[in-house]
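Can you keep this structure in mind? I'll have questions shortly.
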Amino acid sequence: MARPGVSRVDGVVAAVVTAATVVPALPRGWLVALLALAASVPVLWRRRAPLIVGLVVGTAMTGLVLWEKPFLPYGPLVAVYTIAERSDARTRIASIPLIGVGVYVSLALPHEDTEVYRSLAALFVAAYALGTGSRARRARAAELAERERRLAGERAAAADRERARIARDMHDIVTHSVGLMVVQAETGPVVLAASPDRAGAVFDTIADTGREALTQLRSVLGTLRADGRPGPAPGLDTLPDLLEHARRTGLDVILDAPDPLPDVPPAVAVAAYRIVQEALTNTLRHADATRVEVRLRVIASALEVEVGDDGRGAATTDGGGHGLIGMRERAAACGGTLRVTPDGPGFAVAAVLPVG
């Protein structure tokens, strides 16, 4: 740790102490003046070596009062204050007997009376107490600054997590809804040519999907406004509606879950819903599948979510793409895990989300 330098305040304090000590000594001879200089000038370096400065000025002041008295111990008082303010605990403890011995010798050898003992003892105790108080205030200020730094870091981390959550929600809502609408729009002309009476249902599905997407987007974007309140988050209770939208695309979706659906914490419910939503989106857009099975189980204080299809699978399972990354992040945010593996001829996503 770098030593503190000599500041302007140190210079002013040293100049005042030196003047107050040396000026009365000048008429008393050059030896007394030299002792006065030794008892005051080293105060300039008091913050760099508090104990050494205290020993130097204290010894010089003892010699001064033995040679020619009376002199007030300005230099030793400042040194004692600095030792209490700047030194570590070991140095402070070691300095107490040294200070006591130095003060006692300075009073006992010149045979000072009891009143002088009390006065000087009070001065040195006050100097030490002031230094201790200054050190405590500085430590408290440093503690508050460190706490503020930690709080600022936590707020920044929380903001980053919230931005990541909003980005994941936006990705899941947009890709799922647009994917469904694209599939319906592509099959619309075929349905219209083969069965005109079913064409209305296709367009109704597109409209319903768009409206639901707008509702969820408004809920997510509401958190970005200072006065905005997010709408109800999706969860396991809205999972049947999600699967029904997927069925309208012609996909055979099977839900294998307890009845009633498990009661899990809201964060886990949202994560499970979004993982199923993203898995269905990937199936619709990439898998060329005809059947999907969604399985929910609560086993050993964890919600197990599995989504498997009978499509063509994937060339890799290392998590490439924002969708798979987002699913893993959602699982990790709940303290869970997510595994992506080929499942026979198709593709499977399996998440384990703690609920306890």
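Atoms considered below: every heavy atom in the structure, side chains included; atoms not considered: hydrogens, waters and symmetry mates. Just so it is clear, the structure is predicted and the values come from calculations on it, not from any experiment.
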Who pairs with Thr62 by side-chain hydrogen bond (donor to acceptor under 3.5 Å, both in side chains), at least two apart in sequence or on another chain? Ser106
Hydrophobic cluster mates of Ile93, side-chain heavy atoms under 4.5 angstrom, ILVMFWY only, any path?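 Members besides Ile93: none; it forms no cluster.
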Check whether Val305 and Val253 end up in the same hydrophobic cluster, where Ile, Leu, Val, Met, Phe, Trp and Tyr are linked by side-chain heavy atoms less than 4.5 Å apart. yes
In the hydrophobic clustering (ILVMFWY, side-chain contacts below 4.5 Å, transitive), which residues join Leu144, or is it alone? none
Nearest 0.5 angstrom please: Glu293 CD to Ile254 CD1, how far? 7.0 Å
Report the residues that fulfil side chain to side chain contact (heavy atoms under 4.5 Å, CB included) with Ile52, sequence neighbours left out, ordered by chain and then residue number. Ala49, Val56
Mind checking the OH-CD1 spacing from Tyr128 to Ile99? Nearest 0.5 Å is all I need.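 Those atoms lie 6.5 Å apart.
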To the nearest 0.5 Å, how far apart are CD1 in Ile325 and CG in Leu338?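 The distance works out to 12.0 Å.
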Quick one: CG on Leu64 to CG on Leu37, what's the gap to the nearest 0.5 Å? 10.0 Å
Just checking, any donor-acceptor pair under 3.5 angstrom between side chains of Asp241 and Thr238?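 There is no such pair (donor and acceptor under 3.5 Å, judged by atom type) between the side chains of Asp241 and Thr238.
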I'd like to check the side-chain hydrogen bond (donor to acceptor under 3.5 Å, both in side chains) partners of Arg8; sequence neighbours left out, ordered by chain and number. none
Got Met327 and Val349 here, is their nearest side-chain heavy-atom distance under 4.5 Å?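 Counting from C-beta outward, Met327 and Val349 do come under 4.5 Å.
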Would you name the heavy atoms of Ser40 and Val22 that are closest together and state the gap between them? OG-CG2, 3.9 Å
Heavy-atom check, side chain of Ser95 versus side chain of Leu51, under 4.5 Å: yes
Applying side-chain hydrogen bond (donor to acceptor under 3.5 Å, both in side chains), can you list everything that pairs with Arg138, at least two apart in sequence or on another chain? Glu85
Show, in sequence, the C-alpha distance, side-chain angles and deciding distance for Phe347 and Thr283, and conclude whether the side-chain contact (heavy atoms from CB on, under 4.5 Å) test is met. CA-CA 8 Å; Phe347 197 68; Thr283 297; over 6 Å; no
Calculate, to the nearest 0.5 Å, the distance between atoms CD1 and SG belonging to Ile275 and Cys334 respectively. 7.5 Å
Using the test salt bridge (Lys or Arg N to Asp or Glu O under 4.0 Å), find all partners of Arg90 that sit at least two apart in sequence or belong to another chain.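 Checked Arg90 against salt bridge (Lys or Arg N to Asp or Glu O under 4.0 Å); zero matches.
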Do you reckon Leu236 sits in the same ILVMFWY cluster as Leu280, going by side-chain contacts under 4.5 Å, direct or chained? yes
The criterion is side chain to side chain contact (heavy atoms under 4.5 Å, CB included); which residues satisfy it with Leu31, sequence neighbours excluded? Trp67
With clusters defined by side-chain heavy atoms of hydrophobic residues (ILVMFWY) lying less than 4.5 Å apart, directly or transitively, does Val78 cluster with Val9?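 Yes, one cluster joins them.
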Partners meeting side-chain hydrogen bond (donor to acceptor under 3.5 Å, both in side chains) with Glu244 (sequence neighbours left out): Arg247
Are Leu44 and Thr18 side-chain neighbours, meaning at least one heavy-atom pair lies under 4.5 Å?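 No, their side chains stay 4.5 Å or more apart.
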Among all residues two or more places apart in sequence or in another chain, which pass the side chain to side chain contact (heavy atoms under 4.5 Å, CB included) test with Leu151? Arg147, Glu148, Glu154, Arg155
If you count heavy atoms of other groups shown closer than 6.0 angstrom to OH of Tyr104, is the number above 12? no
Start with the C-alpha distance between Asp10 and Arg47, add both sets of side-chain angles, then the distance that settles salt bridge (Lys or Arg N to Asp or Glu O under 4.0 Å), and finish with yes or no. CA-CA 8 Å; Asp10 294 332; Arg47 290 198 303 154; 3.0 Å; yes
Whether the side chain of Arg92 engages the backbone of Ser87 through a donor-acceptor N/O pair (distance < 3.5 Å, no angle test) should be reported. yes
Using the rule that Ile, Leu, Val, Met, Phe, Trp and Tyr join whenever any side-chain heavy atoms are under 4.5 Å apart, tell me whether Val53 and Val17 fall into a single cluster.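 Cluster IDs for Val53 and Val17 match.
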Between Thr290 and Asp252, do the side chains contain an N or O donor and an N or O acceptor separated by less than 3.5 Å?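 No.
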Those residues that, when tested against Asp256, pass salt bridge (Lys or Arg N to Asp or Glu O under 4.0 Å) (two or more places apart): Arg297
For the pair Glu278 and Arg274, find out whether any cationic side-chain nitrogen is under 4.0 Å from an anionic carboxylate oxygen. no
Could you tell me whether the side chain of Pro50 reaches within less than 4.5 Å of the side chain of Thr91, counting heavy atoms only?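 Thr91 vs Pro50: side chains apart.
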Side-chain heavy atoms of Tyr74 within contact of Met61, under 4.5 Å: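 When only atoms from C-beta onward are counted, Met61 and Tyr74 do not touch, as no gap falls below 4.5 Å.
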Gap separating the CG atom of Asn282 from the CG atom of Asp309, nearest 0.5 angstrom: 9.0 Å
Below 4.5 Å, heavy atoms only, C-beta onward: do Arg46 and Arg86 meet side chain to side chain? no
Residues forming a side chain to side chain contact (heavy atoms under 4.5 Å, CB included) with Ala257, sequence neighbours excluded: Leu255, Leu261, Leu296
Could you tell me which non-hydrogen atom of Leu251 sits nearest to which non-hydrogen atom of Ala289, and how far apart they are?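 Heavy atoms of Leu251 and Ala289 come nearest at CD1-O, 3.4 Å.
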Tyr117, Val103: one ILVMFWY side-chain cluster at the under-4.5 Å cut-off?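 Cluster IDs for Tyr117 and Val103 match.
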